[in-house]
S.K.: 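Take this structure first; my questions come after.
In the text below, chain A, chain B and the rest are named by the order of the sequence lines, each starting its count at 1.
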Number of protein chains: 2
Amino acid sequence: MNLSEAEWTVMNAVWSKAPASVRDVQDRVGAERGWAHTTVKTMLDRLVAKGALREKKRANASIYEPRISREEARTSALRALLTRSFDGSFGSLVHHIVSEERLSKKERERLARQLGDDDAEERP
Amino acid sequence: MNLSEAEWTVMNAVWSKAPASVRDVQDRVGAERGWAHTTVKTMLDRLVAKGALREKKRANASIYEPRISREEARTSALRALLTRSFDGSFGSLVHHIVSEERLSKKERERLARQLGDDDAEERP
DNA sequence: GGCTATCTTCTACGTTTGTAGAAGATGCCT
DNA sequence: AGGCATCTTCTACAAACGTAGAAGATAGCC
């Protein structure tokens with residue numbers, strides 16, 4: 001599932017509050033983007049067509065909910081980035097982060113701990 | 001500098017052998033993509049227009065070389081990914097990698113070491 | 001039962017991306 | 001000098017993306 005920039009914006013809004021009406025999404029997204037109501041609706045419809053959202057009708061209005069999880073979408077996006085830009089390898093990505101991104105020592109250690117930690121998965 | 005999929009393909013070819021002629025790029029890229037000669041040329045021209053490549057004329061032919069480094073481009077691409085898809089934070093990215101990507105324990109440890117290692121920068 | 005507010009559907013249009021042919025320019029070989 | 005092999009320039013076109021107005025459908029209120 002390949003999402004465009006604008007589509008990510010919409011999906012982020014839906015993931016953070018689903019199910020969501022057009023108005024819900026616009027409240028969240030209109031602020032940062034200043035989109036017209038119909039623009040938001042168009043985006044939502046295209047995402048339904050793409051299979052990223054599911055649409056239900058309540059009375060005359062549509063409500064939307066994710067059909068793919070944020071994690072799934074992240075996985076695709078990351079994979080695409082690795083392939084295009086990092087020789088397809090996590091190693092290149094991490095190397096880049098270490099050598100190019102200005103991380104404090106503390107930050108780097110935090111990330112390293114996160115990575116090395118077996119139980120990092122789901123912890124309440 | 002925001003590069004598209006196809007542009008990344010071309011840039012990767014140029015970075016790995018610069019300066020490069022249209023033919024050089026096509027030899028590298030035509031294989032995996034099967035592009036026509038003029039398609040490659042169009043891409044190169046667009047990248048010049050964008051400022052990603054510099055064009056020189058040798059006799060009647062053009063040769064191209066990068067104007068931005070692979071690292072710079074990687075930085076932009078990574079930043080864009082973080083912003084769009086990972087709440088703008090490295091933490092979310094690393095968390096995703098740990099919990100969603102199927103890495104072996106060994107692989108995870110290797111990456112963690114890479115991250116934690118002070119001297120990971122440039123070592124001959 | 002009609003009005004108004006709200007939603008949706010349809011349509012559209014400019015830009016970017018991906019892809020490439022036709023035609024014109026240039027240089028090299030004999 | 002003529003011709004072949006190359007290169008470049010111009011132009012095009014379809015699909016995807018970003019954005020949105022006009023017009024039609026609904027529903028709740030008085």
Side-chain angles (χ1 to χ4, degrees), chain A residues 1-14 17-65 73 76-77 80-81 83-85, chain B residues 1-14 19-65 73 76-77 80-81 83-85:
Chain A
M1 181 72 51
N2 186 6
L3 302 172
S4 76
E5 166 82 25
E7 286 168 348
W8 266 100
T9 303
V10 171
M11 289 301 290
N12 281 331
V14 177
K17 184 208 169 300
S21 67
V22 178
R23 196 59 61 181
D24 288 336
V25 173
Q26 198 187 11
D27 287 349
R28 255 143 237 264
V29 152
E32 63 181 272
R33 293 279 205 140
W35 283 341
H37 180 79
T38 47
T39 300
V40 175
K41 175 69 169 143
T42 301
M43 279 293 145
L44 288 165
D45 289 347
R46 286 187 186 169
L47 285 164
V48 170
K50 264 194 170 179
L53 293 177
R54 175 194 337 277
E55 183 177 13
K56 282 181 186 165
K57 296 280 186 184
R58 186 161 53 192
N60 64 332
S62 297
I63 55 179
Y64 301 87
E65 42 185 67
S76 301
L81 180 80
T83 302
R84 269 199 244 327
S85 318
Chain B
M1 182 71 51
N2 187 6
L3 302 172
S4 76
E5 166 84 24
E7 286 169 348
W8 266 98
T9 303
V10 171
M11 289 301 292
N12 281 330
V14 177
S21 66
V22 177
R23 197 59 60 181
D24 288 337
V25 173
Q26 199 187 11
D27 287 350
R28 257 146 235 265
V29 153
E32 61 182 274
R33 294 278 207 142
W35 283 341
H37 180 78
T38 47
T39 300
V40 175
K41 176 67 168 146
T42 301
M43 278 292 145
L44 288 164
D45 289 346
R46 285 185 187 172
L47 285 164
V48 169
K50 266 196 170 179
L53 292 177
R54 175 193 338 277
E55 182 176 15
K56 283 181 185 164
K57 294 280 184 181
R58 188 160 55 192
N60 65 332
S62 297
I63 55 178
Y64 300 86
E65 42 185 68
S76 301
L81 179 80
T83 302
R84 268 199 247 324
S85 319

S.K.: At their closest point, which heavy atom of A/A77 faces which heavy atom of A/W8, and how far apart are they?
M.R.: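 For A/A77 and A/W8, the tightest heavy-atom pair comes out as CB-CZ2, 3.9 Å.
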S.K.: Using every non-hydrogen atom in the two residues, find where B/E65 and B/P19 come nearest and quote the distance to one decimal.
M.R.: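 Looking at all heavy atoms of both residues, the closest pair is OE1-CB, 3.9 Å.
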S.K.: With 3.5 Å as the limit, what N/O pairs link the protein to nucleotides 20-23 of chain C?
M.R.:
{"from": "C/dA20", "atom 1": "OP2", "to": "B/A36", "atom 2": "N", "distance (Å)": "3.2"}
{"from": "C/dA20", "atom 1": "OP2", "to": "B/T39", "atom 2": "OG1", "distance (Å)": "3.2"}
{"from": "C/dA20", "atom 1": "N6", "to": "B/T42", "atom 2": "OG1", "distance (Å)": "2.9"}
{"from": "C/dG21", "atom 1": "N7", "to": "B/T38", "atom 2": "OG1", "distance (Å)": "3.1"}

S.K.: Could you write nucleotides 24-30 of chain D as a row of B, S and -, 5' to 3', where a protein heavy atom under 4.0 Å of any base atom gives B, of only sugar-phosphate atoms gives S, and otherwise -?
M.R.: --SS---
S.K.: Working to the nearest 0.5 angstrom, can you tell me the gap between B/L44 CG and B/I63 CD1?
M.R.: 12.0 Å
S.K.: Rounded off to whole Å, could you give me the CE-to-P distance for the A/M43 and C/dT9 pair?
M.R.: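 Taking atom P of C/dT9 as the reference, CE of A/M43 is at 17 Å.
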S.K.: Under a 3.5 Å cutoff, is there a donor and acceptor pairing between the side chains of B/T42 and B/D45?
M.R.: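 No - no donor-acceptor pair under 3.5 Å links their side chains.
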S.K.: How long is the straight-line distance from OG1 of B/T38 back to CE of B/M43, given to the nearest 0.5 Å?
M.R.: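 So the CE of B/M43 and the OG1 of B/T38 are separated by 11.0 Å.
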S.K.: What are the residues of residues 5-14 of chain B, sorted by number, that bring a heavy atom to within less than 4.0 Å of DNA chain C?
M.R.: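 Output list: B/E5, B/A6.
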S.K.: Roughly, in whole Å, what's the span from CG in B/D45 to P in D/dC7?
M.R.: 14 Å
S.K.: Nearest heavy atom decides the nucleotide; on that basis, is B/A61 or A/N2 closer to the 5' end of DNA chain D?
M.R.: B/A61
S.K.: With respect to the phosphate group of D/dA16, does any side-chain polar atom (N or O) of A/S4 fall under 4.0 Å of OP1 or OP2?
M.R.: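 The answer is no; no side-chain N or O of A/S4 sits under 4.0 Å from OP1 or OP2.
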S.K.: Just list the side-chain donor-acceptor pairs under 3.5 Å for residues 52-59 of chain A, sequence neighbours left out, or say none.
M.R.:
{"from": "A/E55", "atom 1": "OE2", "to": "A/S62", "atom 2": "OG", "distance (Å)": "2.8"}
{"from": "A/E55", "atom 1": "OE2", "to": "A/Y64", "atom 2": "OH", "distance (Å)": "3.3"}
{"from": "A/K57", "atom 1": "NZ", "to": "A/S62", "atom 2": "OG", "distance (Å)": "3.4"}

S.K.: Between A/Q26 (CD) and D/dA20 (C1'), how many Å, whole number?
M.R.: 12 Å
S.K.: At 4.0 Å (heavy atoms only), tell me whether B/R33 reaches a base, stays on the sugar-phosphate, or touches nothing.
M.R.: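 Answer is sugar-phosphate: B/R33 comes under 4.0 Å of backbone atoms only.
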S.K.: Measure the distance from NE2 on B/H37 to P on C/dG24 and round it to the nearest whole Å.
M.R.: 18 Å
S.K.: First locate atom NZ of B/K50, then atom OG of B/S4, and finally report the distance between them rounded to the nearest 0.5 Å.
M.R.: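 Separation between the atoms: 5.5 Å.
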S.K.: To the nearest 0.5 Å, what is the distance between CZ (A/R23) and NZ (A/K41)?
M.R.: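 If I round to the nearest 0.5 Å, the distance is 12.0 Å.
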S.K.: How many whole angstroms separate atom NZ of B/K57 from atom P of C/dA25?
M.R.: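 Checked: the NZ to P distance equals 14 Å.
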S.K.: C/dT6 P sits how many Å from A/R58 CZ, rounded?
M.R.: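 The answer, rounded to whole Å, is 17 Å.
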S.K.: If a pair satisfies salt bridge (Lys or Arg N to Asp or Glu O under 4.0 Å) and one of its residues is in residues 26-39 of chain A, list it, with sequence neighbours excluded.
M.R.: A/E5-A/R33
S.K.: Would you kindly give the CG-to-C1' distance between B/D27 and D/dC7, to the nearest whole Å?
M.R.: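 Interatomic distance, CG of B/D27 to C1' of D/dC7: 15 Å.
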S.K.: Round to the nearest Å and state the distance from B/L44 atom CG to C/dG18 atom P.
M.R.: 14 Å
S.K.: D/dT6, OP1 or OP2 - any side-chain N/O from B/K41 closer than 4.0 Å?
M.R.: no
S.K.: Considering only heavy atoms from C-beta outward, does the side chain of B/V40 approach that of B/V10 to under 4.5 Å?
M.R.: no
S.K.: Roughly how far apart are B/L47 CG and B/E7 CD, rounded to 0.5 Å?
M.R.: 4.5 Å
S.K.: Using the side chain to side chain donor-acceptor pair (under 3.5 Å) criterion, which residues pair with B/N12? Sequence neighbours excluded.
M.R.: B/R70
